Amino acid sequence: VPLDLPVDLWSLAWYGEALHACSMRDPFVFREGGFVPMPAAPERPETLQTLRVSPHGLVTIGPRHVCRYDGNAWTRLA
């Protein structure tokens, strides 16, 4: 699958029947043959680096922020 993204992907994780990825600044989800940006939200992480799956959702860990996505909304944890 060709990746036509203007950024490098840093981390991949399966969550909720979908493959998720992140660059250093944006989260993506794999849909219809390619990665698309996840919708913006007030609590969406501003820095990302690593994705992890927890029992409570998809967790992003970045240099300045830790956030959780529960399948519907982002919550900033730190």
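None of the values given here were measured: they were computed from a predicted structure.
Sorted by first and then second residue, the side chain to side chain donor-acceptor pair (under 3.5 Å) pairs with a member in residues 57-73 read T47-H65; sequence neighbours excluded. The list of side chain to side chain donor-acceptor pair (under 3.5 Å) pairs with a residue in residues 5-21, not counting sequence neighbours, is empty.
The hydrophobic cluster containing V66 does not contain V53, counting ILVMFWY residues as joined when their side-chain heavy atoms lie under 4.5 angstrom apart, directly or transitively. Residues L77 and I61 fall within the same hydrophobic cluster, defined by Ile, Leu, Val, Met, Phe, Trp and Tyr side chains chained together at heavy-atom separations under 4.5 Å.
In this structure, L48 and P63 approach most closely via the heavy-atom pair O-CD, 4.1 Å. Nearest heavy atoms, C22 versus T50: SG-N, 4.2 Å.
Note: R31 CZ to M38 CE = 7.5 Å, rounded to the nearest 0.5 Å.
With sequence neighbours left out, L12 forms a side chain to side chain contact (heavy atoms under 4.5 Å, CB included) with L19, A21, F35.
By the 4.5 Å heavy-atom criterion applied to side chains, C67 and V59 are not counted as neighbours.
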- Take V36 and F30, measure what side-chain contact (heavy atoms from CB on, under 4.5 Å) needs, and give me the verdict at the end. CA-CA 6 Å; V36 295; F30 193 82; over 6 Å; no

